[in-house]
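Below: the structure, in structure tokens.
Quick caveat: nothing in here was measured; it's all calculated off a predicted structure. Computed over heavy atoms, backbone and side chain alike; hydrogens, waters and symmetry mates excluded.
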Amino acid sequence: MKADAAATSAIEALRDLFDVLPDVQAWIKDARRRYLWVNRTFLLNYGMHQLSEVLGKTDDDLSPPHLAAHFRAGDEAVLAGQTVQGRLELVGRFDHTASWCFTTKRPVCTPRSRIIGTAGITRVLDATQIDQRSDIRLGVVIALMTRRLGESVTNTDMARSVGMSPRAFERSFLREYSLPPQQYLKRLRIQTACRLLVDTRESIAAISLRCGFADQSHLTRSFRRVTGITPGAYREKYTHS
């Protein structure tokens, strides 16, 4: 009984510690990707104040579809026995903008090593410092994508930035981010367009060019394919939410 009480107290102390960490979101999910616990920073990021508001929900309930799909892919990899260590990714907020974050996820296991859920932490990272962080795998490539979002960036360009052959780079990127480089770049352009649609009053045509699309029609086709709605509908839905 004393050991059980000590273990319970230790868990509560750890939760209290996570609640006071600034800019660090922490969470635990079950095998169906439902939230079992989150810290205070996580709640505030999604515009909530009580743990009861998030219990039992999934990322599909909290984030736009294109971001929820990315989080789901990471969870499925961890549930399959992989780990996510220091992955750079865009994490959404309650206002439907997104920030660069440094994410680590681990499987939650029974004493017999059966995976029954996932646990993770993520913290906001200044995008201008991404390529200076040696602990972020392929961070230089993500920084290159971000700086040249409105330009054509080939796999050869990306491979050269990290001193790898194109084939080795493509395999490494796919293993790290679960998407081919060009598909990830397209998602990044869409995610940036989402932020600009909500955060600014720039015209959709201007946002299209700024995010690397040929014109507004090109953005609209790609945007609808990923999010399910047009850029105009996205702006209307989330600017006033």
Would you compute the distance between atom [atom1] of [X] and atom [atom2] of [Y] and round it to the nearest 0.5 angstrom?
X: Cys211; Y: Ile190; atom1: SG; atom2: CD1; result: 8.0 Å
X: Ile204; Y: Tyr234; atom1: CD1; atom2: OH; result: 13.0 Å
X: Ser222; Y: Lys186; atom1: OG; atom2: NZ; result: 5.0 Å
X: Leu138; Y: Met164; atom1: CG; atom2: CE; result: 6.5 Å
X: Arg72; Y: Arg33; atom1: CZ; atom2: CZ; result: 5.0 Å
X: Ile207; Y: Thr192; atom1: CD1; atom2: OG1; result: 10.5 Å

Common cluster, [X]/[Y], ILVMFWY with side-chain heavy-atom separation under 4.5 Å:
X: Leu21; Y: Val54; value: yes
X: Leu14; Y: Leu43; value: yes
X: Val91; Y: Val124; value: no
X: Tyr46; Y: Leu55; value: yes
X: Phe71; Y: Met48; value: yes

Please give me the minimum heavy-atom distance between [X] and [Y], naming the atom from each residue.
X: Val141; Y: Phe173; answer: CG1-CE1, 4.1 Å
X: Thr156; Y: Pro166; answer: OG1-CG, 4.1 Å
X: Ala214; Y: Leu209; answer: O-CD2, 3.5 Å
X: Met145; Y: Met158; answer: CE-SD, 3.6 Å
X: Arg189; Y: Leu149; answer: NE-O, 2.9 Å
X: Ser161; Y: Val140; answer: O-CG1, 3.7 Å

Any side-chain heavy-atom pair from [X] and [Y] closer than 4.5 angstrom?
X: Arg210; Y: Glu202; result: yes
X: Glu236; Y: Leu197; result: no
X: Val198; Y: Arg235; result: no
X: Leu144; Y: Arg148; result: yes

Under 3.5 Å, side-chain donor or acceptor atoms of residues 224-231 against the rest of the protein: list the pairs with distances, not counting sequence neighbours.
{"from": "Thr227", "atom 1": "OG1", "to": "Phe223", "atom 2": "O", "distance (Å)": "2.8"}
{"from": "Thr227", "atom 1": "OG1", "to": "Ile229", "atom 2": "N", "distance (Å)": "3.3"}
{"from": "Thr227", "atom 1": "OG1", "to": "Ile229", "atom 2": "O", "distance (Å)": "3.1"}
{"from": "Thr230", "atom 1": "OG1", "to": "Ala233", "atom 2": "N", "distance (Å)": "3.1"}

Are any of the side-chain nitrogens in Asp75 or Lys105 under 4.0 Å away from the carboxylate oxygens of its partner?
-> yes

Identify, with sequence neighbours excluded, every residue that meets side-chain contact (heavy atoms from CB on, under 4.5 Å) alongside [X].
X: Ser52; answer: Gln50
X: Asp16; answer: none
X: Thr41; answer: Gln25, Asn39

Do Tyr35 and Asp59 have a side chain donor and acceptor closer than 3.5 Å?
-> yes

Between the side chain of Arg15 and the main-chain N/O of Asp19, is any donor-acceptor distance below 3.5 Å?
->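 No; zero donor-acceptor contacts below 3.5 Å.
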
Evaluate the side chain to side chain contact (heavy atoms under 4.5 Å, CB included) criterion for residues Ile142 and Tyr184: first the C-alpha distance (whole Å), next the side-chain angles of each, then the deciding distance (0.1 Å), finally the verdict.
-> CA-CA 10 Å; Ile142 302 300; Tyr184 185 95; 3.6 Å; yes

Side chain to side chain donor-acceptor pair (under 3.5 Å) against Arg106, all qualifying residues, sequence neighbours excluded |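 Scan of Arg106 (side chain to side chain donor-acceptor pair (under 3.5 Å), adjacent residues dropped) gives Gln85.
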
Chi angles and distances behind the side chain to side chain contact (heavy atoms under 4.5 Å, CB included) call for Trp27, Phe18 = CA-CA 10 Å; Trp27 64 88; Phe18 273 113; over 6 Å; no

Begin from the C-alpha positions of Val78 and Thr83 and carry the test side chain to side chain contact (heavy atoms under 4.5 Å, CB included) through to its verdict.
-> CA-CA 5 Å; Val78 174; Thr83 59; 5.9 Å; no

Please report, to 0.1 Å, the donor-acceptor pairs under 3.5 Å made by any side chain of residues 112-122, with sequence neighbours excluded.
{"from": "Thr122", "atom 1": "OG1", "to": "Phe102", "atom 2": "O", "distance (Å)": "3.4"}
{"from": "Thr122", "atom 1": "OG1", "to": "Thr103", "atom 2": "OG1", "distance (Å)": "2.6"}

Can you list the steps and then say if Arg123 with Cys101 is a side chain to side chain contact (heavy atoms under 4.5 Å, CB included)?
-> CA-CA 5 Å; Arg123 62 186 178 87; Cys101 291; over 6 Å; no

